[in-house]
Amino acid sequence: MKQSDRPSGVSSAVQCEAGGGGTHEDVKVDPDERNDGQQKPGSPEINNNKEKTRSKSSKQRHNHKERTADVKLCGEDENLCESVQVKKRRVKDEESPEKHDKNQSSGRKRKKTSSEHEKAEKNKKTKKDGDQEKKKKAEESDKWKWWEEGKSSDTQKWSSLEHKGPYFPPEYEPLPDNICFYYDGQPMKLSPATEEIVTFYAKMLDHEYTSKEVFQNNFFSDWKEEMTKEERKLIKMLSKCDFSQIHKYFVEKSEERKNMTKEEKQVLKEEASRLMEEYGFCLLDGHREKIGNFKLEPPGLFRGRGEHPKMGKLKKRIQPEDVTINCSQDSKIPAPPAGHHWKRVQHDNTVTWLASWLENIHGRPKYIMLNPSSKLKGEKDWQKYETARRLKMKVDSIRKQYRRDWTSREMKSRQRGVAIYFIDKLALRAGNEKDDESADTVGCCSLRVEHITLHRRLDGQEHVVEFDFLGKDSIRYYNKVPVEKQVFKNLKLFIKHKDPEDDLFDRITTVKLNKTLNECMPGLTAKVFRTFNASTTLQDQLNKLTTGGMTVEEKILSYNRANRAVAILCNHQRAAPKTFEKSMQLLQEKVRHTIIIIIIILKAVQRLSEQLKKLQLQETDREENKVIALGTSKLNYLDPRISVAWCKKHQVPVEKIYNKTQRDKFAWAIDMTDENFQF
DNA sequence: ACTACAACTTAGGATATTCCAA
DNA sequence: TTGGAATATCCTAAGTTGTAGT
């Protein structure tokens, strides 16, 4: 039962026609079909099983890149010679400038009123309303309708920027005297720095990964680095360390937090909002904009996703001396904490970040940036969807081109053609090369031979490719896809004379692939296909699933089904909620119960059947949503105007589709879109 | 052309808050 | 009123892509 309740996720759910043309119109989201007893992609058990030991370093693997002979391919298969002459056709550029033309976006309402005027209007109105109302309205009128202004420069991100700098997490509070670390059975007082690291480990004790060898080794060697000489001399083995008392202490503490009175919680809340008030906003070009992550990341133990080779390493506390501040020259420079100084203060208006530092795990930069509701993020987001819409106009010719590449005499063109086909048809990510310092995950270009299995026929279908690999965040991608004969032949060719751990596409890289795409359409890269296919799927599904005469609840179910189709396409998953089975049974029980009641009390039929209907909708919705995360696509891939237009057209309150945060982020779309907008 | 790096988007899990039925 | 489920928010890891340097 544990296994059987796992839907296949991707496998049978997304059935795309093998055919370059209409790609995703046959997305099926039939809950019954999805329960085929296959393991849920991405579940922990799976990830463990799926762990593939890389027998070669990526450098070694890289050498295999050149392995496929770049000879004339004639003779390898009977179709190879047919298009020897065909040169890569130049696709006409449709030279439309990268800038989105806001006035041409369909459904766009041009507000004639200046924002000044609106402000005055609103303020006037508030006079007679209550205090609460007044505040709300005033806030609203403060909101910056940046989308009503002309497009701003691509390179210069701001002309003035002022902020308070990042918020530093509180210093370490040593443990009380009665709480102790034990080594080899003996209590041992540790130096504060050493003790702090112990608390990181102790807090995680009931997590499964503290039992992993990699985690323990990384932790122990990083911990030893931070010990005093004396401590290092004494503490030789992690297995002799006893953190249980400390662990218990923190469990109790968190219990206490949970049991705080309303008043105590209120105090905490006010403290947080004071912090937000002070550090959570910046002044950008005269507008108060919300910051996304104004709190610096506190120290702790790194836990990457999947089988990460660096799990358990110490993530060090960030000091002011590590932080670079970015703000405008003439602004009030944020003050570093007393007795400290910043690493650097710069005034670079070609970037959007307010502060940055290097994290010590990978040595990569991290940034403090604005909230998605900000102009800087919103405009970029809008632009992204406009690029995806431009792809819509171009996609037919691109599909034609990659199909031609399938029969090219050049190996690299064939590989590129198949790779773009996968990216288009399956919404795979580009798949950059990764080093050995991170989890072994892949995308399209980094697929290895071992990640696909070719089936001449399978389950009554021809030319089936079985994908099985760990993608971003070590989420498993498992899918059986019928592909066109020529693709199948090419794949056979690509894997010939290769070992399982060799690259499937050894003649191409993401950079080359994106370069090709860019020549087809300015601004086109691999990830645009995900946005494009996601939004196209949503639009198509909404058009198909929504009919007149539906109740709002039914329409919402339609919307969620459409949303789900996208999530399945993009392989957005989540762990099935812990108590799913139980709550589902409960829900089913309720449905049954309601049915019985209806039979017994005929008089109440009208009222109760409505109740039943809602429950059933909820049931279906939840079942279908079991392992599907809708949020990501909603937030990142789906042109919000599709949803807004749909809401307006079908009189569905937009609040039913977007929560507060999402309404803030998509304020531009909500404001500008009318019911006729089509993606 | 290749590499390294910087900057930005996308992502799932953890935690906090809200909601709803008993 | 309360406890557990649902939902929202927070957090930060992990991708992609553009660019500068060689």
Side-chain angles (χ1 to χ4, degrees), chain A residues 42 44 62 154-155 157 169 204 207 254 257-258 265 268-269 272 276 292-298 300 302-306 308 310-311 315 324 326 348 350-353 356 358-359 361-372 376-377 380-381 383-384 423 429-435 438-439 441-446 470-475 509-515 517-518 523-531 534 567 570-575 577-580 582-584 586-587 590 618 621-622 625 627 629-637 658-662 664:
Chain A
H62 197 73
D154 261 349
T155 44
K157 307 298 165 78
M204 296 177 151
H207 252 111
S254 79
R257 267 181 68 86
K258 247 183 256 163
K265 279 181 183 163
L268 242 51
K269 218 173 156 182
M276 173 70 123
N293 56 330
F294 64 89
K295 289 176 175 168
L296 284 180
E297 296 173 15
F302 175 80
R303 178 32 166 136
R305 315 254 163 88
H308 197 116
K310 297 202 169 187
M311 66 169 85
K315 189 166 127 175
T324 301
N326 193 39
D348 180 356
T350 68
V351 295
T352 66
W353 52 269
S356 75
L358 288 180
E359 53 94 19
I361 303 289
H362 308 275
R364 296 176 105 211
K366 290 216 171 183
Y367 305 91
I368 288 184
M369 288 186 185
L370 296 186
N371 184 273
L376 238 34
K377 296 288 187 187
K380 200 78 188 299
D381 208 33
Q383 200 174 190
K384 172 182 74 185
I423 285 167
R429 297 186 183 82
N432 287 301
E433 279 287 326
K434 295 179 74 186
D435 54 34
S438 46
T441 63
V442 299
C444 184
C445 292
S446 48
L470 299 182
K472 182 179 181 182
D473 295 316
S474 291
I475 294 294
T509 64
T510 54
V511 173
K512 290 185 212 160
L513 188 135
N514 279 338
K515 204 166 274 172
L517 292 175
N518 212 270
L524 184 60
T525 61
K527 85 188 185 78
V528 177
F529 280 90
R530 265 170 92 80
T531 312
C570 292
N571 201 35
H572 291 146
Q573 303 195 11
R574 62 172 187 187
K578 282 193 187 81
T579 50
F580 181 84
K582 207 180 114 202
S583 73
M584 199 64 208
L586 234 66
L587 202 57
K590 271 183 208 164
Q618 205 184 338
D621 204 29
R622 200 187 302 175
N625 217 30
V627 294
L630 299 183
T632 299
S633 52
K634 205 188 262 186
L635 226 51
N636 297 311
Y637 287 110
Y658 288 133
N659 66 33
K660 174 77 168 58
T661 312
Q662 292 164 340
D664 280 349

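Chain letters run A, B, ... following the sequence lines, proteins first, then strands; residues in each count from 1. Basis for what follows: all heavy atoms, side chains included, without hydrogens, waters or symmetry-related copies.
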Could you state the [atom1]-[atom2] distance from [X] to [N], rounded to the nearest angstrom?
X      : N      : atom1 : atom2 : value
A:R257 : B:dT15 : CZ    : P     : 11 Å
A:Q662 : C:dA8  : CD    : P     : 7 Å
A:Y367 : B:dC8  : OH    : P     : 7 Å
A:K634 : B:dG12 : NZ    : P     : 15 Å
A:K258 : B:dT15 : NZ    : P     : 10 Å
A:L470 : B:dG12 : CG    : P     : 13 Å
A:L635 : C:dT7  : CG    : P     : 16 Å
A:I368 : B:dA7  : CD1   : C1'   : 15 Å

For this session: Check whether any side-chain N or O of A:Y637 sits under 4.0 Å from OP1 or OP2 of B:dT9, and answer yes or no.
Result: no
Exercise. Think A:K377 has a side-chain N or O under 4.0 angstrom from the OP1 or OP2 of B:dT9?
Worked result: yes
For this session: By nearest nucleotide on DNA chain B, pick out whichever of A:V351 and A:S633 is the more 5' one.
Result: A:V351
For this session: On DNA chain B, check which nucleotide each of A:H572 and A:K515 is closest to and give me the residue with the more 5' one.
Result: A:K515
Seminar exercise, completed: d(A:N326 CG, A:T352 OG1) to nearest 0.5 Å is 9.0 Å
Apply side chain to side chain donor-acceptor pair (under 3.5 Å) to [X] and list each qualifying residue two or more places apart in sequence or on a separate chain.
X      : answer
A:D664 : A:K660
A:K157 : none
A:N371 : A:S373
A:N659 : none

Seminar exercise, completed: Whether each nucleotide of nucleotides 11-18 of chain C has a protein heavy atom under 4.0 Å at its base (B), only at its sugar-phosphate (S) or at neither (-) is summarised, 5' to 3', as SSSBBBBS
Exercise. Counting any heavy atom closer than 4.0 Å, what does A:K157 reach on the DNA or RNA strands: base, sugar-phosphate only, or nothing?
Worked result: sugar-phosphate
Exercise. Base, sugar-phosphate, or nothing for A:T352, non-hydrogen atoms under 4.0 angstrom?
Worked result: sugar-phosphate
Exercise. What pairs with A:F529 under ring pair (Phe, Tyr, Trp, His ring centres under 6.0 Å), at least two apart in sequence or on another chain?
Worked result: none
For this session: May I ask you to check whether A:K384 and A:T531 show a side-chain donor-acceptor distance below 3.5 Å?
Result: no
